[in-house]
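Just so it is clear, the values below take in all heavy atoms, side chains as well, and ignore hydrogens, waters and symmetry mates. Letters A, B, ... mirror the listed sequences (proteins, then strands); counts begin at 1.
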Number of protein chains: 2
Amino acid sequence: MPAPQRVTRAALTAAARAIAERDGIDAVTISAVAAAVGVRAPSLYKHVAHRHDLLRLIADDAARELDEDIMMLVGSASGSRADPVASLTAIARAFRALSARSPRAASLLFSGAALSAEPQSDGMVALTRTLLDAVRAAAPGDPLPAARTLTAWAHGFCTMEQAGAFQLGGDVDEAFEFGLTTLVTAFTAGRSPRR
Amino acid sequence: MPAPQRVTRAALTAAARAIAERDGIDAVTISAVAAAVGVRAPSLYKHVAHRHDLLRLIADDAARELDEDIMMLVGSASGSRADPVASLTAIARAFRALSARSPRAASLLFSGAALSAEPQSDGMVALTRTLLDAVRAAAPGDPLPAARTLTAWAHGFCTMEQAGAFQLGGDVDEAFEFGLTTLVTAFTAGRSPRR
DNA sequence: ACCTGAACACCGTTCAAGT
DNA sequence: ACCTGAACACCGTTCAAGT
């Protein structure tokens, strides 16, 4: 007589993410997550192949959540007529808001945890598409370099902020808005910075 | 009769950094580093307080090395008359070169490993000063927002590149140069992007 | 089909004991 | 003053055994 399933993917994800935010990424262990969902450690290997998969679940969940947040702010994917500058600004601020409320999950988004396995998660695919569409609407030509520049800056800024890397005082909010305006202004100037 | 010291700080740092680059950050354990320098694990606690300190040694070493690289490229700290655009460009490229040759050490530079303890290492202090001086020479006004923008972008770009986050094809070198030109051009335009 | 206890090779860390 | 073995509480992972 088969044992009934007591662990759902959603419960696993929620438990892993809660532990990550409460006690740090290193505390997301097979043992801790198993205890949080009410089974013994070995049982978790019926649902994930390695400890690393727990971090991937967290990253995928954060990607889905961020894409939903952005959709809420900039309207539906292709039919939007919103100001392209406002869209890019909203995307960057949504990422920083996620980083403020879920710093550990946000730090995993572009840090290899979500990237190692095939295929990419639905959340990451959707997020990538949303960002590329927004960059395409704001600037002519190949959106890839601009999208990579904006993502790298936002990821770097938020991980540094959460790690406590900005130790020289000053206004960190102002530094974020300065970087955001600098990049979006340059992108929408309509010409590449070099001929 | 006291036992002679068999472990130097330099040997500890070199061993930890070599293990990090060869086998990854997670492989930098008290046991592995102790074995690499020829003592038993408990002896390492005469030289570091926690495993985390091993990562700090790596980060500090990388900071010192990067500051030396930059000094070699842009000349001595305050007396330089070099083109300020060329200085910022050289700094960013030196960081990416470090990230290519020592990806694990570079990823620790702004990721909390070097940031937790007081006081900051000489290498981090020197690196911060070098960057701020270069930004000051290139743009009028408060250098902090521009320095934070450039650092966040470079850190984000290099960690994403090394993590394999750029999966959509295209030319990653081109994306780096695009971001670098975009930022440096905006900084040296001599006016803030918003009034 | 899923869950469990037992087992293995690790790890960080502490501490009394050596020299 | 530094190094060591022994010990403790952990961890990831495997596997035969339960239901």
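Under 4.0 angstrom from either OP1 or OP2 of C/dT4 there lies at least one side-chain N or O belonging to A/Arg6. The shortest distance between the side-chain N/O atoms of B/Thr29 and the OP1/OP2 oxygens of C/dC10 is not below 4.0 Å.
When the C1' atom of D/dT4 is taken as reference, atom CD1 of B/Ile30 falls 16 Å away, rounded to whole Å. The interatomic distance linking A/Lys46 (NZ) with D/dT13 (C1') rounds to 13 Å, in whole Å. In this structure, the NE2 atom of A/His52 is 14 Å from the C1' atom of D/dG12, given to the nearest Å. Distance CZ (A/Arg40) to C1' (D/dC11): 16 Å, rounded to an integer number of Å. Rounded to whole Å, atom P of C/dC11 lies 11 Å from atom CD1 of B/Ile19. One can place CG of B/Leu12 at 14 Å from C1' of D/dC2, the figure rounded to the nearest angstrom. One atom, NE2 of A/His47, and another, P of D/dT13, lie 16 Å apart when rounded to the nearest Å. When the C1' atom of D/dC11 is taken as reference, atom NE2 of A/His50 falls 16 Å away, rounded to whole Å.
Under the 4.5 Å side-chain criterion, counting only non-hydrogen atoms from C-beta, B/Leu144 is in contact with B/Leu132. Taking the side chain as every heavy atom from C-beta outward, B/Leu54 and B/Ile19 never approach each other to under 4.5 Å.
Residue-environment remark: CG (A/Asp122) stays at or below the threshold of 12 foreign heavy atoms within 6.0 Å.
Across all strands, A/Ser43 comes closer than 4.0 Å to base atoms (heavy-atom distances).
In terms of position along DNA chain D, the nucleotide closest to B/Gln5 lies nearer the 5' end than the nucleotide closest to the other residue of the pair B/Pro42 and B/Gln5.
The aromatic rings of A/Phe95 and A/Phe110 sit tilted relative to each other, their planes meeting at an angle between 30° and 60°.
Base pairing of C/dT19 is made with D/dA1, judged by Watson-Crick or G-U wobble geometry with both donor-acceptor distances under 3.5 Å. Of all nucleotides present, only D/dA7 satisfies the Watson-Crick or G-U wobble test against C/dT13, with each distance under 3.5 Å.
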Step-by-step side chain to side chain contact (heavy atoms under 4.5 Å, CB included) determination, B/Leu44 to B/Val37 | CA-CA 9 Å; B/Leu44 242 60; B/Val37 296; 4.2 Å; yes
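Closest to the side chain of B/Ala3, from the set D/dA1, C/dG12, D/dT4, is D/dA1.
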